[in-house]
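None of these values were measured; they are calculated from a predicted model. Keep in mind that the numbers below use all heavy atoms, side chains included, and drop hydrogens, waters and symmetry copies.
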Amino acid sequence: MNKHEKNHLAELKDIDERSVEEVSQYYPMLGKSAKKRILEKCLEKTNISEFVDDEDTVSGTEVYRRPVLSRVLGIAAAIAAAFGAVTGTIYLNRHFNTPEVFVSEGSSGQGALINTTTKNDEIKETSEVTVIVTEAATEDVTAEVSVMIQETMSQYTYSTTFTSSTTSTDTTETTETTTEETTDENEVTTETATEAAVTLSPEFFIGTWYASNGSETREFDFYSDGTGGRVYNSSNEENFSFVYDIKGNNVNFRFMSAEMESASAVIIRYDEEHFSLQWAESGMTESFVKKTA
Amino acid sequence: MMAYLQGVDNMNDPEWAELLDKSPGEAYRQLIDTYGNYVYAVVISKIGRCGTREDVEDCVSDVFVELFKNKYKYSADGGSLKSFISMIAKRRAIDMFRQLTARREGPSIDDDVTVLPPSETDIEEDTEKRLYKIKLWDTVRSLGEPDSSIIIYQYYYDCSVREIAEKLSMTADAVQKRSLRARKKIGQLLGKG
């Protein structure tokens, strides 16, 4: 076959539609195996084309539903946060609130201790943690003061003044401060009581005492009967008698002056040759020194 | 089930569309049996020069898949099912030709499309070419069997001698000798014409 002939036959593919139909009818190309291959390809492409079909249509309306659950949860979370903020604020206020630890002036050590305990009870309402600490401090105070009371109150009556204490630190420190102050005060009292080897009785006062309150000097002469005496004021040279009686550490005087005035005082410290008292009416403290022979 | 026995040709429109829905495999089988060779002939006439046999079979399967996807677009009022399939086959074959030529940087099918108005010379050449094709086809058909089949299978379907021998139940040597004689005869007949 020459080139020209081959080119002629190559144009056999460019036949018209009628000839194509005749070719397919009289000269079929596909055998069983070819048909099977094409069938498999069709099935394979049909399955694949279901996913890549770009002629999919969308119809209908999808109803939008608001996320109710998330909204409810959001509200609940907001409420919980607000509640937490309020609770936290209250807690912090109570926790860091400066407790006004004050020990009021008591007529006795026991009275002062009661006041301190009361304050500790108030703190107990605030916080359990604080309660533990303050209770521990209270126990210390109670123990020490109880011992001192047992040592001193069995024989003497005395008046103890505790200063009020206000701290800006936390409750535990405040309580400790109070405890220290209380302890110091009682230590002084204990020392005083220890130094006083004498008892506070009418016999104690018998004799002559020089008294000074800072502005005037007086001389008290307590008679040996233990019920009365005489006082001489050197500044105005007044001289009148008095009677007295002792109840605990309280001493009641009745001066036989023109006014016939009565005065009560509290013995705040004493020893064999000294004692001090505080006049109830004026609050003035007067120191007495025993006149020695 | 009656439709299965009748074949696609005897099925009316809703029946074969319903068959494609219910049993695509069976519908494909019947369509390929009935129109497979026709589609193959249409496709190979378009891409036979640039595509392999695998490309042709791939394109044929695409035609039937497209038929499956557009089964409800077909209406008997617009023509026969064969015409509908023919239209799909030509379109898919042209698409495949463009893909193959673009891939292989071969000739574009657009080269065959006349954009400018044809001149008198073009019309004359086109007419001569069309007449020559008809004459060539008639010449091949006039060879008689099995020479016509050998030439068509060899030059239209691009089958090998061995394949032709199997199809025609002949030996490869006999196919080779007959092919040689048929081509000489075609040359003589066209030369005389």
Side-chain angles (χ1 to χ4, degrees), chain A residues 1-70, chain B residues 24-25 28-29 31-33 35-42 44-46 48-49 53-54 56-58 60-70 82 86 90 129-130 132-134 136-141 148-149 151-159 166-167 179-180 183-184 186-187 190:
Chain A
M1 183 193 318
N2 56 37
K3 186 178 179 182
H4 178 74
E5 186 182 3
K6 191 171 184 179
N7 286 339
H8 279 216
L9 291 173
E11 291 181 3
L12 197 60
K13 282 189 168 63
D14 294 332
I15 54 177
D16 55 16
E17 290 185 22
R18 181 185 60 83
S19 302
V20 169
E21 195 167 344
E22 286 181 7
V23 167
S24 66
Q25 186 176 356
Y26 299 112
Y27 308 99
M29 175 62 186
L30 297 178
K32 287 185 178 179
S33 60
K35 288 180 179 177
K36 188 180 178 183
R37 283 197 303 274
I38 292 170
L39 176 61
E40 288 172 353
K41 285 185 179 181
C42 288
L43 294 173
E44 183 183 349
K45 288 176 182 176
T46 303
N47 291 332
I48 293 171
S49 63
E50 288 177 1
F51 298 98
V52 296
D53 191 357
D54 55 358
E55 293 182 358
D56 289 341
T57 56
V58 179
S59 62
T61 304
E62 183 178 357
V63 179
Y64 172 71
R65 295 180 184 279
R66 296 194 65 180
V68 180
L69 183 60
S70 62
Chain B
Y28 276 135
R29 191 189 62 76
L31 286 168
I32 291 168
D33 277 344
Y35 297 107
N37 284 305
Y38 174 70
V39 172
Y40 194 97
V42 171
I44 203 168
S45 70
K46 303 293 181 185
R49 289 175 179 173
R53 185 170 298 177
E54 189 178 352
V56 175
E57 289 184 359
D58 200 34
V60 170
S61 65
D62 284 345
V63 171
F64 288 108
V65 170
E66 193 168 332
L67 175 65
F68 172 78
K69 290 166 66 175
N70 297 284
K82 191 172 185 177
S86 174
K90 288 173 186 172
K129 198 172 181 179
R130 191 179 302 152
Y132 177 78
K133 288 178 183 176
I134 295 172
L136 175 63
W137 178 249
D138 291 339
T139 303
V140 172
R141 290 293 306 274
S148 298
S149 295
I151 294 300
I152 290 173
Y153 280 119
Q154 192 169 8
Y155 291 97
Y156 189 80
Y157 290 118
D158 295 321
C159 290
E166 288 180 1
K167 282 183 180 293
S179 174
L180 184 61
R183 279 178 282 166
K184 283 182 179 177
I186 290 172
L190 290 176

Choice from Tyr40(B), Tyr38(B), Tyr157(B) maximising heavy atom contacts with chain A below 4.5 Å: Tyr157(B)

If you measure from [atom1] on [X] to [atom2] on [Y], what distance do you get to the nearest 0.5 Å?
| X | Y | atom1 | atom2 | answer |
| --- | --- | --- | --- | --- |
| Ile32(B) | Lys36(A) | CD1 | NZ | 12.5 Å |
| Lys167(B) | Tyr27(A) | NZ | OH | 13.5 Å |
| Glu57(B) | Lys41(A) | CD | NZ | 5.5 Å |
| Tyr28(B) | Ile38(A) | OH | CD1 | 12.5 Å |

Any side-chain heavy-atom pair of Cys159(B) and Met29(A) under 4.5 Å: yes

Check: Asp58(B) and Lys45(A) side chains under 4.5 Å, non-hydrogen atoms: yes

Chain A contact via [X] - side chain, backbone, both or neither, heavy atoms under 4.5 Å:
| X | value |
| --- | --- |
| Glu54(B) | both |
| Ser148(B) | both |
| Val140(B) | side chain |

Exercise: identify the closest heavy-atom pair between Asn37(B) and Ser24(A): O-CB, 3.4 Å

Minimal non-hydrogen separation, Glu22(A) against Trp137(B), with atom names: OE1-NE1, 3.2 Å

Expected output: side-chain Tyr153(B) to main-chain Pro28(A) donor-acceptor under 3.5 Å: yes

